[in-house]
Amino acid sequence: MELLSESFATLLKQGIEAARKSGALPEFETPEITVSKPSRPNQGDYATPIAMQLAKSAKANPRQIAQAIAEHIPPAPFLDKVEVAGPGFINFWLAPRWVQEQVETIISEGPDHLGEVDIGRGQKAQVEFVSANPTGPITVGRTRGAVMGDTLANMLEAAGYRVEREYYFNNAGRQMELLGRSLQARYLQLLGRDALVPEDGYHGDYLRWIAAALYAEHGDSLADRDWMYFKEKAEAAIFANIRHTLARLGVYFDVYFNEKSLYDDNSVWEAIEELKKRGYAYEAEGATWFKATEFGLPKDRVIVKSTGEPTYIMPDIAYHVNKLKRGFDLIVDIFGADHQDSYPNVLAGVRALGYDPSPIKVVIHQFVTLVEGGETRRMSTRKGEFVTLDELIDEVGADAVRYFVLARSPESHMEFDLELARKQTNENPVYYIQNAHVRCAGIFRQAKERGVTDDGADVHLLSDPRELALIRKMLELPDVLAHSVRRLEPHHIAFYALDLARMFHPTYEEVRALHSEVPPELQKARLRFYRAAKTVFARLLGLMGMSAPDFM
RNA sequence: GCGCCCGUAGCUCAAUUGGAUAGAGCGUUUGCUUGCGGAGCAAAAGGUCGGGGGUUCGAAUCCCUCCGGGCGCACCA
């Protein structure tokens, strides 16, 4: 498919150049040309405000500039007409014949590759997300990062990047010791011993299950094992659980990166030494500090505690240097709002070490609130409340979890409506979109029974305005992908899919393919059209990591 | 107190990052349809874009200020 906004931008560049050569326009600096979809149908299929932006530097009135450009736009197969409107907008209309023919393009690209755009040009990209330490089951708080990260990775792949999905974790340190001691206590309790879970340890039921499993397998033979043993057992069981939960959402990783390896290969200490050598670290109050203020940040940070241990920020810096050294052209970090203050320090640290942090892009998302029947459900550990992602999936299903979380811009403080997510009606956008795919599949089941096929269909027979409008909407897919990838905002595709479904269902109701009054040739053409629609819905659902059912 | 994010229709949210008359769904109201490709179709009402000021051809979007909410502000990760 064609990236239409870019095709129009190219046309405009050529138009401006031609207008200059002919003397219709003076010389001036050309800004970046933006082409967008106007909100009203009488304003064309695509439009640009470029003439207004040029008005100052070209020292002319925007309508005259627009007129001059419009007259010099070269012809193109997809272009029907050009018009100057309003204060100086240039509006474009797509050629109907070309639009009809795109049905074939869509079908030939197929549901796995449709709409691919080559923005990445084969560059290496990494998306790091979830990255929860193995101290307990994944909570709903991580849902957003999991879905956003995975979908963004899908979209980057569609945009021509070679993508790696990475999970960063730490299985060392005080929290993990507490975890080990907590499990040890649960195990000893099963033996009837008088053991207590540490006050600041982990009190969740999941450690009881793990302890019970250990007891079932080993009886009381582990009574003399130390906390390290239990830590390893807890970690293994919890990680298995986390992977299982994420797999239910269709989320998988290529690399699990252990923070500990940054100590093993000494890169944390090397980074600290390097900061000192470069004059960005100093000793004070018994600790070592990083001069974050030199990089415009509000205050300096401790990087080595008075106990001699590095703080968490140091391995984070070393980790990002490690990522840069691995040669990624684009490094995406997906963080929750609780990290919004720490990442600038990490980026400053990377810069202080002499690396260019510009490939690193940080996406911060706000938190999710679960809402049921107008009431907020608190995410406490109290019995009967949702806390884990597993429970949320049990409750509403993986597709609904993915769609609901995806259908919000990252910066919104989203509310997850459990009641709506459970509904199996068109009120629920998940079913509304999937139902579009189901209905397309249904048409082909029906066609098969009647012995009708779309072989040799002539798409030029498609003339219903609703059909043509829907095809034009389908043609936006590459632009939606490009826009989402450039801004690292996966939510646009969720809204696009819903918009498309809203156009689809009325068309499906009104524009019948297999009705007895529809001439056979037109039946073929319409079947072809519905095949294209099915392809687009399958592609969108696939990018969002959702299933594309044939039945519901 | 300081920093980051948010505030758009009754509710949940968009708005291609400074463009044309701010858009959807749900809910409400009104018709149609409910004999066949399950959960349908059409229309209407609903807005001081939190308040105020500024920047310019043009602001929901940028700047200042006030109000309200979220998250952070550790020698915890």
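Below, chain A is the first sequence line, B the second, and so on; all start at residue 1. Everything numeric in this text was worked out from a predicted model, so none of it was measured.
Looking at heavy-atom distances under 4.0 Å, A:Ser412 makes contact with sugar-phosphate atoms alone, never a base. Contacts of A:Met414 with the nucleic acid, taken as non-hydrogen atoms under 4.0 Å apart, involve only primed sugar atoms and P, OP1 or OP2. Counting non-hydrogen atoms under 4.0 angstrom, A:Tyr431 reaches nothing in the nucleic acid. Among the atoms of the strands shown, base atoms are found under 4.0 Å from some heavy atom of A:Ala47. Among the heavy atoms of the strands lying under 4.0 Å from A:Leu514 is at least one base atom, whether or not backbone atoms are also near. Using a 4.0 Å heavy-atom cutoff across all strands shown, A:Asn133 reaches sugar-phosphate atoms only and no base atom. Looking at heavy-atom distances under 4.0 Å, A:Asn435 makes contact with a base. Among the atoms of the strands shown, none is found under 4.0 Å from any heavy atom of A:Arg174. Across all strands, A:Glu489 comes closer than 4.0 Å to base atoms (heavy-atom distances). Within the nucleic acid shown, A:His483 comes within 4.0 Å of sugar-phosphate atoms alone, with no base atom in reach, counting heavy atoms only. Base engagement by A:Gln340 is indicated by at least one non-hydrogen atom pair under 4.0 Å involving a base atom. Using a 4.0 Å heavy-atom distance criterion, A:Phe495 is classed as a sugar-phosphate-only contact.
The side chain of A:Ser409 places an N or O atom within less than 4.0 Å of a non-bridging phosphate oxygen (OP1 or OP2) of B:A14. For the pair A:His339 and B:C4, the criterion of a side-chain N or O lying under 4.0 Å from OP1 or OP2 is not met. OP1 or OP2 of B:G23 lies within a sub-4.0 Å distance of a side-chain N or O belonging to A:Arg40. An OP1 or OP2 oxygen of B:A77 is reached within less than 4.0 angstrom by a side-chain nitrogen or oxygen of A:Lys305. Between A:His491 and B:A15 there is a side-chain polar atom (N or O) within less than 4.0 angstrom of OP1 or OP2. Between A:Arg439 and B:G38 there is no side-chain N or O to OP1 or OP2 distance below 4.0 Å.
Using a 30° and 60° split on the angle between ring planes, A:Phe257 and A:Tyr319 fall in the tilted class, from 30° to 60°.
The nucleotide whose nearest atom lies closest to any side-chain atom of A:Ala85 is, among B:G3, B:A20, B:C75, B:A20. Residue A:Tyr312 has its side chain nearest to B:A77 when only B:C71, B:A77, B:U16 are considered.
When Watson-Crick and G-U wobble pairs are counted only if both distances are under 3.5 Å, B:U34 pairs with no nucleotide at all.
The P atoms of B:U48 and B:G52 are separated by 11 Å, rounded to the nearest whole Å. Comparing the same atom, P, in B:C5 and in B:G18 gives a spacing of 15 Å after rounding to whole Å.
You won't find any donor-acceptor pair under 3.5 Å spanning the side chain of A:Glu509 and the base of B:C41, going by distance alone. Side-chain N/O atoms of A:Ser306 and base N/O atoms of B:C75 include a donor-acceptor pair closer than 3.5 Å. One donor-acceptor pair, N or O on each side, does fall under 3.5 Å between the base of B:A20 and the side chain of A:Asn91. With hydrogens and angles ignored, no donor-acceptor pair closer than 3.5 Å exists between the side chain of A:His505 and the base of B:G40.
Here A:Arg422 pairs with A:Glu372 in a salt bridge; the nearest charged N to carboxylate O distance falls below 4.0 Å. The pair A:Asp333-A:Lys361 fails the salt-bridge criterion, with no side-chain N (NZ, NE, NH1 or NH2) lying under 4.0 Å from an Asp/Glu carboxylate O.
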